[in-house]
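Computed from heavy atoms alone, side chains included, the values below leave out hydrogens, waters and symmetry copies. Protein chains get the first letters and strands the later ones, always in sequence-line order, with residue 1 at the start of each.
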Amino acid sequence: MKLVVAIIKPFKLQEVREALVDAGIEGLTLSEVKGYGRQKGHTELYRGAEYTVDTLPKIKLEILVEDENLSTVTDTITSTAGTGKIGDGKIFVTTVDDVIRIRTGETGNEAI
Amino acid sequence: MKLVVAIIKPFKLQEVREALVDAGIEGLTLSEVKGYGRQKGHTELYRGAEYTVDTLPKIKLEILVEDENLSTVTDTITSTAGTGKIGDGKIFVTTVDDVIRIRTGETGNEAI
Amino acid sequence: MKLVVAIIKPFKLQEVREALVDAGIEGLTLSEVKGYGRQKGHTELYRGAEYTVDTLPKIKLEILVEDENLSTVTDTITSTAGTGKIGDGKIFVTTVDDVIRIRTGETGNEAI
Amino acid sequence: MDEVKFALDTFYAIMSGALVMWMAAGFTMLEAGLVQKKDVSEIVTKNLGLFSIACVMYLVCGFVLMYPSDAVFAISGGLDDAGEAIVYGILPAIGTSWGLSTDMPLDEIGMAYGMDYSQQADFFFQVVFVATAMSIVSGAVAGRMKLIPFFLFAIVLTAFIYPTQGYWNWGGGFLSTLGYSDYAGSGTVHLLGAAAALGVVTVLGPRNGKYGFDGTVNPMPGSNIPLAALGALILWLGWFGFNGGSELVISDEASAIAVSQVFMNTNMAAAGGVLGALVLSLFMTGKSDVTMAINGAIAGLVAITAGPSAPTGGEAVIIGFIGGLIVYGSILFFDSIKVDDPVGAISAHGTAGIFGCMVVPFTNGDASFLYQFIGVVSIAGFGFLASLGTVYVINMFMPIRATDSEQEAGLDASEIGVEAYPEFK
Amino acid sequence: MDEVKFALDTFYAIMSGALVMWMAAGFTMLEAGLVQKKDVSEIVTKNLGLFSIACVMYLVCGFVLMYPSDAVFAISGGLDDAGEAIVYGILPAIGTSWGLSTDMPLDEIGMAYGMDYSQQADFFFQVVFVATAMSIVSGAVAGRMKLIPFFLFAIVLTAFIYPTQGYWNWGGGFLSTLGYSDYAGSGTVHLLGAAAALGVVTVLGPRNGKYGFDGTVNPMPGSNIPLAALGALILWLGWFGFNGGSELVISDEASAIAVSQVFMNTNMAAAGGVLGALVLSLFMTGKSDVTMAINGAIAGLVAITAGPSAPTGGEAVIIGFIGGLIVYGSILFFDSIKVDDPVGAISAHGTAGIFGCMVVPFTNGDASFLYQFIGVVSIAGFGFLASLGTVYVINMFMPIRATDSEQEAGLDASEIGVEAYPEFK
Amino acid sequence: MDEVKFALDTFYAIMSGALVMWMAAGFTMLEAGLVQKKDVSEIVTKNLGLFSIACVMYLVCGFVLMYPSDAVFAISGGLDDAGEAIVYGILPAIGTSWGLSTDMPLDEIGMAYGMDYSQQADFFFQVVFVATAMSIVSGAVAGRMKLIPFFLFAIVLTAFIYPTQGYWNWGGGFLSTLGYSDYAGSGTVHLLGAAAALGVVTVLGPRNGKYGFDGTVNPMPGSNIPLAALGALILWLGWFGFNGGSELVISDEASAIAVSQVFMNTNMAAAGGVLGALVLSLFMTGKSDVTMAINGAIAGLVAITAGPSAPTGGEAVIIGFIGGLIVYGSILFFDSIKVDDPVGAISAHGTAGIFGCMVVPFTNGDASFLYQFIGVVSIAGFGFLASLGTVYVINMFMPIRATDSEQEAGLDASEIGVEAYPEFK
Ligand SMILES: Nc1ncnc2c1ncn2[C@@H]1O[C@H](COP(=O)(O)OP(=O)(O)O)[C@@H](O)[C@H]1O
Ligand SMILES: Nc1ncnc2c1ncn2[C@@H]1O[C@H](COP(=O)(O)OP(=O)(O)O)[C@@H](O)[C@H]1O
Ligand SMILES: Nc1ncnc2c1ncn2[C@@H]1O[C@H](COP(=O)(O)OP(=O)(O)O)[C@@H](O)[C@H]1O
């Protein structure tokens with residue numbers, strides 16, 4: 001089993017999720033994060049003083065997949081989350097030892 | 001060392017945490033996430049238009065444990081976070097290469 | 001490739017980030033989390049009743065690095081995020097199988 | 001000359017009424033700030049709805065029941081013959097109240113409440129009081145009472161419960177005959193509202209999770225403290241209309257002095273209430289609990305309301321200060337007996353209201369402790385029982401309590417469909 | 001005696017004006033609550049700016065254009081000779097308006113608007129009305145109209161568009177001659193504002209993401225519901241000044257009764273509007289949409305504004321109730337034709353405003369459906385076309401629509417530089 | 001007839017006072033919106049507490065010190081013999097102030113402040129002014145001044161510092177004799193508050209993290225911009241009472257005209273202030289900084305306060321506009337000299353207050369630059385030194401500055417125990 005972690009632009013979320021569901025992915029967990037990278041932040045103002053906000057809002061998706069679905073998932077994300085502009089984000093893949101579905105106690109691929 | 005990541009229902013948090021503390025776990029990190037899975041979201045309304053909110057609020061626990069405590073932790077979570085109803089969540093286990101306690105610089109099991 | 005996950009005190013964020021940038025790190029993702037550990041929470045009050053808030057706000061940094069930069073990153077974080085007081089946080093290191101830059105489709109070290 | 005007086009008194013009555021209407025915003029903000037995020041849209045809807053229901057029901061029949069016309073008495077010889085009184089007295093009066101217009105000759109409006117200013121101004125000033133009483137209930141039942149049963153109860157309270165006992169004091173009923181003294185309604189409005197709230201809460205029970213099995217009290221902190229403070233400050237401002245307008249006339253020297261004394265004392269009592277609650281909080285916990293300061297202000301205001309014109313400015317400070325102490329203790333007390341009142345309404349309006357009624361004889365020679373006590377007991381008793389009975393009956397047909405899963409998801413999700421702060425995690 | 005009347009009427013006018021000024025806070029909170037978090041600072045800035053622009057432009061020339069002096073007519077024989085009228089009539093009047101001071105002899109102020117209270121009070125009461133009209137626009141264009149073009153449009157609307165049609169009804173123009181009856185401006189203020197908003201939105205288009213390619217309507221929930229409710233309650237309070245002050249005089253018995261009837265009816269209509277929208281929401285969706293309750297209150301208030309003194313209290317409830325039903329349907333309608341109006345301003349002020357104008361003859365024998373209809377058509381038509389034309393021209397020089405990336409990041413980032421809630425994720 | 005005048009003037013005074021009391025809500029919201037989330041409950045508590053302390057201390061002795069009775073002068077021949085004056089003049093007066101009631105014959109109240117309306121109304125109107133002055137301080141010290149020392153300072157300022165210099169201008173002291181002209185208190189209230197704030201801040205120092213070692217200014221953005229805007233709009237409304245009520249009488253034609261001119265000009269100056277700040281912000285940064293618009297409104301209001309009845313409407317716009325420019329520059333200036341003022345109070349009330357005092361002679365022939373200058377210097381100098389001295393002494397017994405770890409966790413945690421927004425991360 002692999003855990004796919006994708007950092008994407010917030011406004012792409014809906015599109016990515018729909019594409020994943022179409023590709024047969026039935027579960028994922030998402031959270032709001034802030035990203036720092038090549039895409040630079042922007043300037044804000046407060047009471048006449050300018051300052052830079054270095055980080056940008058991003059969405060982090062965590063998707064546990066069976067090994068054989070890995071490339072489907074990464075491909076789906078790459079193709080839907082990309083705008084071609086800087087800051088599109090990253091996908092990390094790590095190996096997961098085990099997974100348990102709390103409700104049933106099932107483990108392994110059954111539990112994904 | 002293993003990193004246990006558990007996605008649970010928010011209202012179970014206190015119970016799970018207390019059970020983990022009773023089981024000897026002294027540290028954990030938690031965050032608010034949104035989950036998408038078999039448990040479906042709900043319908044909201046805005047100015048007469050109905051729409052579906054697909055995701056549900058969940059709590060993500062991250063707990064670093066020594067290998068020998070792994071099953072204690074997963075068992076504790078499984079038994080306390082479960083309601084038997086859909087949406088109870090998942091537990092992922094991954095292997096961690098190393099851990100460092102920032103305060104002391106200790107590494108490995110010492111640092112957990 | 002390694003994923004460095006650091007839990008630090010919020011007010012140290014700016015210092016840590018600046019030090020990482022100086023050390024050549026060009027990307028990271030951060031999120032707000034709550035930590036439970038040896039550092040105890042504090043007492044709050046509401047309408048005459050006292051209660052304990054067990055968790056403390058922390059910042060979680062996720063930094064993907066090439067293997068050879070690992071120690072630079074962990075050293076930089078350890079030295080800048082430490083106050084010597086309890087609650088300074090932890091650094092976890094895990095191995096990442098692969099990384100993809102969404103924008104270009106690059107993978108591996110190229111994509112970091 | 002008389003016409004200018006009439007105009008001035010009318011203007012004063014409607015400005016006072018506008019200030020009291022503004023208290024609706026105060027209750028809405030106070031309650032929205034003190035409930036949890038997931039119940040905020042619901043409490044807002046309840047407040048908008050209850051105010052509207054109160055206005056309509058009071059127009060439909062509350063007003064004429066509270067201030068029955070002479071016709072009622074003429075026919076029935078003092079309610080001996082209730083049937084006849086209803087047919088010939090109340091029913092036509094209901095029509096005149098609903099049909100109140102500038103075309104109507106003043107003497108046809110059918111109320112035994114002669115006055116030197118416009119009947120419309122009087123109605124407007126009265127109607128916002130009944131809404132105030134009902135607003136007290138919404139806070140106490142927040143987080144677990146369902147919307148429709150709440151609105152049904154609002155209909156009953158504003159159409160019947162409030163007017164019935166309002167009549168006792170202000171419409172010529174037995175409390176006024178007896179000599180019960182309650183200037184602007186510490187008892188008639190605030191205690192009544194609090195007693196009704198207690199009655200409803202008795203049937204309703206506490207929010208899930210509020211009291212642990214082991215007797216612990218779990219604080220469920222309010223979601224938005226500055227909003228709650230805004231609510232208290234709105235109430236503070238609106239109270240100038242509530243108390244100040246209750247002198248009813250301002251156009252002669254004595255009345256003008258009395259009204260301005262009332263403004264001054266109302267302000268002083270609120271200030272005293274804040275200080276009382278803050279001092280006690282510091283003494284008890286070492287911290288200055290802002291939610292207690294907020295409740296202290298309201299308790300100070302409630303405490304002075306039964307007699308805001310008689311005390312000196314300094315006495316008003318003291319009355320308010322004691323009100324602030326009382327509300328602090330009362331909130332702890334109700335929590336200890338597991339009566340869940342998310343905004344402290346029962347304590348701030350009820351306990352402080354009783355104190356307000358009972359303290360009147362200290363500064364007003366015309367009042368007596370006995371009659372004040374009778375007033376308190378009859379208002380609180382009636383308000384409690386009538387409300388308890390009403391919701392008991394409603395509950396038989398339509399459960400008034402949100403289910404566990406509804407409470408867990410929040411009433412906003414189950415009843416309103418709109419999150420209060422969808423973008424704030 | 002007369003001096004006391006003059007003083008009382010002046011006091012009444014400025015208190016009414018202060019209440020109407022307070023509506024600026026109502027619009028600001030309503031709109032800040034109903035837009036998305038990323039556009040909140042911008043809508044706040046727009047509201048502060050538009051109110052200020054309205055005040056200044058109305059002082060510069062709006063007031064004298066709306067209430068032109070007799071000199072204009074004397075010279076030109078009814079605008080036959082516009083050039084002369086401008087030079088000898090309007091231009092000097094502009095000076096007197098700008099120079100309005102306590103030193104100025106009353107008869108020099110140069111307006112054909114005799115009255116028994118101070119001209120300054122009149123100006124103050126009038127100026128807050130023009131700001132109200134402009135506030136309606138800001139809500140409808142939220143989330144995508146750029147700030148500077150918005151302010152340019154505000155200058156044109158408050159200096160020319162509003163005064164021109166205001167003159168028709170209140171300054172002695174053709175609608176007043178005709179017999180169009182619009183007490184406080186359901187048409188002249190609210191419908192005008194809504195028509196202007198529609199004109200601007202026609203050029204501007206909807207927010208990105210509001211309407212899907214497949215015709216779906218994406219709700220973009222407001223960020224802060226209690227703030228929106230506070231806005232509605234502020235408007236409710238301010239409306240007592242808006243309608244109540246429009247009687248213009250309170251110092252005799254008949255006027256005092258009329259003013260208090262207006263206060264009562266205004267309150268009743270708002271209550272009716274809340275109930276209408278809530279009942280319909282429950283019926284349609286099974287839930288009580290709080291945003292509809294909020295819009296219902298405003299629609300009820302708009303609906304009663306054209307004739308708040310003639311209906312009985314009960315009729316006011318009914319008029320408001322229908323207003324609440326109408327706003328619900330109208331919001332769904334405008335969404336279905338892809339007119340994006342984030343706060344429902346076009347429905348609450350426009351559709352309900354038309355209803356308010358057309359319902360007048362039912363309770364006021366002096367009004368006729370035909371003249372009301374002519375009023376509605378001419379005000380809405382002029383407001384729509386003049387606004388559409390104005391923004392069309394502005395758009396040629398300076399794009400009025402925020403770019404995709406500006407909308408995505410939020411107007412707060414691109415135009416204000418200050419996040420509204422920087423610490424709330 | 002006279003009685004109606006008395007009643008009308010009393011009504012006008014208490015309505016004005018109620019509007020000024022409402023400014024307390026304005027300061028609370030403004031400051032709650034402009035501080036960081038972790039300090040919001042504390043600033044709310046400070047505002048509730050300071051208002052209450054101000055009311056009580058002014059009743060205890062502030063009022064009689066500011067408006068000393070003739071007895072004081074009679075006995076002492078003009079304060080020659082201070083001891084006797086205190087024993088026979090001030091002390092009994094303290095009793096009468098505390099005991100102010102409707103029973104008291106008017107001539108016993110013991111103030112050298114004859115008037116044609118009720119003394120209670122006068123007290124009520126005066127007491128809200130002292131609270132305003134103190135509210136200015138709370139904003140400037142937000143985020144690092146501890147609660148108890150702040151309240152101790154509030155006691156001293158409202159009981160002694162404000163009344164002492166208030167006496168100079170309004171109680172018959174040397175500024176009034178001299179011819180210093182300050183209608184509603186640009187100097188006596190606003191500049192005094194700002195000077196006091198500067199004195200406290202001098203001892204207190206900036207918030208941790210505000211100024212970098214390398215001289216950088218770190219913006220610490222406010223947590224809730226719409227709340228801050230609401231605060232400014234509340235102040236805008238309340239200011240009609242603040243300035244409008246300061247004419248003191250409305251019941252004759254000239255006064256009524258003056259009061260309405262004041263309402264109009266107050267509104268115009270606020271509008272001008274918004275525009276001044278926005279234009280400058282656009283010019284300097286290309287963006288429309290909403291926090292500057294908010295401060296601009298307040299600065300415009302402060303600027304007109306010293307002489308709101310003399311200017312024409314157009315001049316009021318210009319005075320406000322310049323106030324808006326000045327506050328912008330002043331905020332940058334104070335940041336550059338490392339005086340940390342989280343809400344801009346010192347600039348909006350102090351710098352704009354000085355401008356307001358100095359601009360009076362341009363529109364009011366009776367005022368002179370020299371006397372205005374003497375007024376400014378003596379009020380600001382006294383306010384600054386007395387406050388600095390007071391907090392210096394308090395600081396010797398009880399540290400006024402929150403420790404580093406307290407500031408880091410937020411004052412809400414260390415002093416109040418209640419988070420302002422516990423559910424918003
Ligand atoms: N080394 C890294 N470790 C963790 N997250 C990263 C790293 N580099 C980039 N990110 C995340 O990916 C986002 C996009 O990266 P960025 O460099 O701006 O653009 P791109 O990926 O298109 O080159 C960042 O905002 C950050 O959240
Ligand atoms: N494949 C997955 N990857 C990541 N998170 C998942 C995955 N499947 C489920 N989850 C998380 O677990 C939660 C519960 O899953 P769900 O399918 O609704 O119920 P259950 O686990 O009881 O079958 C989801 O809300 C989501 O946060
Ligand atoms: N076993 C663990 N698993 C996950 N997170 C942990 C664990 N132990 C500590 N943490 C995180 O590290 C933070 C600091 O830990 P704590 O024990 O308080 O101090 P220290 O690391 O200085 O000994 C905690 O608040 C928590 O977020």
Side-chain angles (χ1 to χ4, degrees), chain B residues 3-18 20 27-64 77 81 83 85-92 94 99 102-103, chain E residues 30 33-36 139-140 209-212 215-225 228 277-278 280-296 298-299 324-336 338-348 424-425:
Chain B
L3 181 66
V4 179
V5 176
I7 316 284
I8 62 169
K9 289 185 170 164
F11 79 104
K12 280 289 185 180
L13 171 59
Q14 202 169 340
E15 208 177 315
V16 172
R17 196 174 54 208
E18 281 166 13
L20 285 171
L28 55 82
T29 300
L30 55 91
S31 47
E32 296 181 7
V33 297
K34 304 223 152 156
Y36 177 87
R38 285 184 184 72
Q39 184 192 15
K40 290 304 161 227
H42 60 287
T43 302
E44 299 215 342
L45 209 67
Y46 190 69
R47 307 256 312 278
E50 275 177 298
Y51 65 104
T52 312
V53 175
D54 292 314
T55 56
L56 290 158
K58 302 278 171 189
I59 295 286
K60 177 165 115 179
L61 300 176
E62 289 171 287
I63 311 158
L64 191 81
I77 296 176
T83 65
K85 289 199 213 111
I86 210 159
D88 278 352
K90 304 264 150 101
I91 304 174
F92 311 149
T94 49
V99 55
I102 294 175
R103 170 164 51 95
Chain E
L30 179 73
L34 290 182
V35 302
Q36 292 187 290
K210 175 69 189 169
Y211 303 108
T216 52
V217 176
N218 297 319
M220 300 171 90
S223 51
N224 195 329
I225 296 299
L278 276 182
L280 191 54
S281 172
L282 261 171
F283 183 80
M284 302 275 286
T285 67
K287 293 188 175 175
S288 306
D289 185 339
V290 63
T291 61
M292 285 299 186
I294 287 170
N295 274 315
I298 298 171
L325 301 178
I326 285 176
V327 78
Y328 194 105
S330 175
I331 285 174
L332 293 185
F333 168 74
F334 279 112
D335 252 353
S336 77
K338 298 204 187 330
V339 171
D340 181 21
D341 176 4
V343 309
I346 298 171
S347 297
F424 305 92
K425 277 248 300 293

Margin query: Suppose we screen for side chain to side chain contact (heavy atoms under 4.5 Å, CB included). Which residues come up paired with B:Ala6, at least two apart in sequence or across chains?
Written below: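 Per chain and number, B:Ala6 pairs via side chain to side chain contact (heavy atoms under 4.5 Å, CB included) with B:Ile8, B:Leu61, B:Ile77, B:Ile91.
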
Any chance you could measure [X], atom [atom1], to [Y], atom [atom2], to the nearest 0.5 Å?
X	Y	atom1	atom2	result
B:Glu50	E:Met284	CD	CE	9.5 Å
B:Glu44	E:Asp289	CD	CG	10.5 Å
E:Asn218	B:Tyr46	CG	OH	13.5 Å

So what's closer than 4.5 Å to chain B heavy atoms on [X]: side chain, backbone, both or neither?
X	value
E:Val327	neither
E:Leu280	neither
E:Met292	side chain

Item checked: Atom of E:Lys287, atom of B:Thr43 and distance for their closest heavy-atom approach ->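 Scanning both residues completely, I find the closest heavy atoms to be NZ-O, 3.7 Å.
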
Note to self: I need the residue from E:Thr216, E:Thr291, E:Leu34 with the largest number of non-hydrogen atom pairs under 4.5 Å to chain B.
What the structure shows: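 The option with the most such pairs is E:Thr291.
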
Note to self: Between E:Ala277, E:Pro342, E:Ser281, who has the most heavy-atom pairs with chain B when the cutoff is under 4.5 Å?
What the structure shows: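 So the answer, after comparing E:Ala277, E:Pro342, E:Ser281, is E:Pro342.
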
Item checked: Set of salt bridge (charged side-chain N to carboxylate O under 4.0 Å, His left out) partners for B:Arg17, sequence neighbours left out ->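 In terms of salt bridge (charged side-chain N to carboxylate O under 4.0 Å, His left out), with neighbours along the sequence ignored, B:Arg17 is linked to C:Asp54.
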
Note to self: So does E:Val217 get a backbone contact from the side chain of B:Tyr51, meaning a donor-acceptor N/O pair under 3.5 Å?
What the structure shows: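 Between the backbone of E:Val217 and the side chain of B:Tyr51 there is no qualifying donor-acceptor contact (under 3.5 Å).
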
